[in-house]
Amino acid sequence: MTTAPRFRFAPSPTGFFHVGGARTALYNWALAQHLGGTFVLRIEDTDESRNSPEWTQGIIDALGWLGINSDSPQFEGPYFQSHNADKHIAAAHRLFEQGNAYWCDLTSEQIQERAKASGKQGYDGHSRDRGLSAGPGHVLRFRVPQGTTIVHDLVRGEVEFANDTIEDFVLLRSNGSPMFLLANVIDDIDMTVTHVVRAEEHLPNTPKQQMVWDALGVAPPIWAHVPVLVNEQRKKLSKRRDKVALEQYKSDGILADAMVNYLMTLGWAPHGDTEIVPWTTMVEQFRLEDVNHSPAFFDVKKLEAFNGDYIRALSLSDFIDACQPWLTASDVAWSPAQFDADVFESIASLIQTRVAVLSEVASMVDFFFLPDAPTDDASWTKAMTPEWAHDVLNECAREYATCDWNHDSLKLVLETIGTNRDLKLGKVQAPLRVAITGRTVGPPLFESIEFLGRQRTLSRIGVALQRLG
RNA sequence: GGCCCCAUCGUCUAGUGGCCUAGGACACCACCCUCUCAAGGUGGCGGCACGGGUUCGAAUCCCGUUGGGGCUGCCA
């Protein structure tokens with residue numbers, strides 16, 4: 001008989017949500033969905049010095065954004081490791097009573113000195129047989145048995161560790177609080193976790209944890225260590241150097257689906273020649289055995305390419321909805337009163353193919369809502385330098401005062417002005433574009449002018465003419 | 001230093017002994033389309049780290065070398 005598998009995701013609440021953690025969570029979630037199991041969220045807050053309660057809500061929100069919904073019947077938690085301290089301590093004492101652990105009174109300084117003197121690194125097992133009991137300044141250490149420990153890992157195969165290379169690690173701190181290694185195991189046992197899927201950086205901890213499982217008489221879980229995510233220097237993504245906050249990508253305008261899809265392909269690929277596939281397909285196909293063994297570079301460019309794809313796949317109304325946060329943000333160039341939702345809806349389809357991240361939208365449509373064209377000196381210089389610029393704008397102003405107001409005729413007018421001077425539309429449009437939009441690049445000009453209206457168009461041409469002198 | 005992991009285009013990957021003169025995607029380049037910029041289309045550039053084996057046959061298996069990475073805390 002097989003019971004439904006139970007996966008767990010066990011982040012520590014140390015600020016924002018790390019993209020590496022996001023991928024690990026996604027792998028666990030995909031597996032839970034694929035196998036009809038449970039995803040258990042456990043907040044590992046044993047290190048009191050660096051946890052903060054508001055961050056756990058951040059974790060839940062971030063998971064929710066990724067589609068790992070805490071309302072789902074397959075979602076369990078959050079549990080807090082700190083709430084289980086009693087169980088951890090009880091287990092530690094049981095380990096002591098069984099002879100699997102012993103007390104030690106050495107300080108870190110003393111350990112270092114001994115290591116220096118012996119020339120060997122780490123703790124040397126000095127207190128193993130000293131028969132110490134609990135007391136102030138005493139830590140409880142696990143008595144690593146002789147022999148070898150074999151970790152059966154679903155992505156790596158069998159990994160063998162000689163136990164004599166593993167030091168007697170600390171279970172309980174001198175203040176009596178449990179260490180991660182212990183707490184982690186006790187919680188996994190307590191929550192009947194069957195699969196531990198986590199990042200590769202935990203692989204060296206695994207034999208230690210497995211020994212604790214064994215000592216407690218419980219069969220260890222199925223392990224799976226997925227490769228870490230690295231930066232361009234091939235170093236593990238770090239909070240200090242790298243942009244790793246999921247929230248940051250969200251506020252830059254990365255779509256959740258794009259992020260999910262991209263993260264899943266870091267270390268794994270869906271079948272076939274397309275890597276942009278719906279979540280349900282990934283759930284169906286994802287297998288731990290197919291996960292790559294080597295670190296994967298978190299490539300923001302590729303993420304944005306995925307995102308552009310997802311943006312273009314949105315229906316127009318979904319796209320418009322998705323843009324709202326960036327149109328109403330506090331740092332936007334226009335005032336709320338100046339914003340015209342109808343205008344935005346009218347031009348949205350022209351914007352949709354032109355952005356890779358949603359935060360780009362604002363600077364692409366600002367000229368519609370600002371009283372005057374935005375100023376961009378580089379664009380101005382580039383477009384207004386030709387000696388014909390002034391005359392073209394002048395003629396434009398005259399013709400646009402009376403011509404039919406639709407993009408076809410607006411275009412035809414400028415085309416004619418250009419033809420008379422032997423200038424292609426691609427060239428003559430430049431001064432007009434900058435006069436109207438402020439920039440040399442942007443959405444299609446004549447549609448934009450049409451939406452802007454005759455009055456404002458004429459006024460902007462006037463302003464530009466004046467500036468040209 | 002010690003322990004462990006890893007090694008296919010610049011990057012993410014497909015590939016599990018013959019279908020591989022190694023496929024796709026991102027990036028890059030060119031062309032087409034085109035009012036700018038995108039999007040889209042077409043094409044191109046570019047890789048099995050190296051050396052030994054095993055085998056009729058190796059990107060795929062074994063060994064070694066080299067190169068990367070992770071861990072090495074009374075952090076998680």
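Throughout, a chain's letter reflects where its sequence line sits, starting with A, and its residues are numbered from 1.
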* To do: May I have the step-by-step check of side-chain hydrogen bond (donor to acceptor under 3.5 Å, both in side chains) for A:H195 and A:N28, ending in yes or no?
  => CA-CA 9 Å; A:H195 294 66; A:N28 276 286; over 6 Å; no
* Which pairs pass salt bridge (charged side-chain N to carboxylate O under 4.0 Å, His left out) with one or both residues in residues 285-294 of chain A, sequence neighbours excluded? -> A:R287-A:D290
* To do: Give A:K236 one of three labels, base, sugar-phosphate or nothing, depending on what nucleic acid heavy atoms sit under 4.0 Å from its own.
  => sugar-phosphate
* Looking across every strand, which nucleic acid part, if any, lies under 4.0 Å from A:P443 by heavy atom: base, sugar-phosphate, or nothing? -> base
* Asked: Hey, does the Lys NZ or Arg CZ of A:K302 hover above the aromatic six-ring of A:Y262, less than 6.0 Å from the centre and inside 45° of the axis?
  -> no
* Asked: Is it true that the NZ or CZ of A:R467 lies under 6.0 Å from the centre of A:W380's six-membered ring and within 45 degrees of the ring axis?
  -> yes
Under 3.5 Å, N/O pairs linking protein and nucleotides 39-43 of chain B:
{"from": "B:A39", "atom 1": "O4'", "to": "A:T353", "atom 2": "O", "distance (Å)": "3.3"}
{"from": "B:A39", "atom 1": "O3'", "to": "A:R312", "atom 2": "NH1", "distance (Å)": "3.3"}
{"from": "B:G40", "atom 1": "OP1", "to": "A:R312", "atom 2": "NH1", "distance (Å)": "3.3"}

Heteroatom pairs (N/O) under 3.5 angstrom, protein to nucleotides 3-9 of chain B:
{"from": "B:C5", "atom 1": "O2'", "to": "A:R156", "atom 2": "NH1", "distance (Å)": "2.5"}
{"from": "B:C5", "atom 1": "O2'", "to": "A:E200", "atom 2": "OE2", "distance (Å)": "2.9"}

* **Any strand: nucleotide that pairs with B:C28 via Watson-Crick or wobble, under 3.5 Å** => B:G44
* Asked: With a non-hydrogen cut-off below 4.0 angstrom, is A:H271 in contact with a base, only sugar-phosphate, or nothing?
  -> nothing
* Have a look at A:V139 and say if it touches a base, only the backbone sugar-phosphate, or nothing, with a 4.0 Å heavy-atom cut-off. => base
* Sorted by number, the residues of residues 355-366 of chain A with heavy-atom contact under 4.0 Å to RNA chain B -> none
* Partner nucleotide, any strand, of B:A7 [Watson-Crick/G-U, under 3.5 Å] -> B:U66
* Are a donor atom and an acceptor atom from the side chains of A:Q146 and A:D164 found within less than 3.5 Å of each other? -> no
* When the C1' atoms of B:U65 and B:A7 are considered, how many whole Å apart are they? -> 13 Å
* Rounded to the nearest angstrom, tell me the gap between atom CD1 in A:I166 and atom P in B:G70. => 20 Å
* Structure fact -> When A:S108 and A:E415 are each assigned the nearest nucleotide of RNA chain B, the 5'-most assignment goes to A:E415
* Asked: What is the distance from CG of A:N307 to P of B:C26, rounded to the nearest Å?
  -> 14 Å
Where do N or O atoms of nucleotides 45-47 of chain B meet protein N or O atoms at under 3.5 Å, pair by pair?
none

* Structure fact -> When A:S174 and A:K235 are each assigned the nearest nucleotide of RNA chain B, the 5'-most assignment goes to A:K235
* Could you tell me whether A:G267 contacts a base, only the sugar-phosphate backbone, or nothing, with contacts defined as non-hydrogen atoms closer than 4.0 Å? => sugar-phosphate
* To do: Name all pairs fulfilling the ring-ring contact (aromatic ring centres under 6.0 Å, His included) condition that reach into residues 348-370 of chain A, sequence neighbours left out, sorted by first residue then second.
  => A:W334-A:F369, A:F339-A:F369
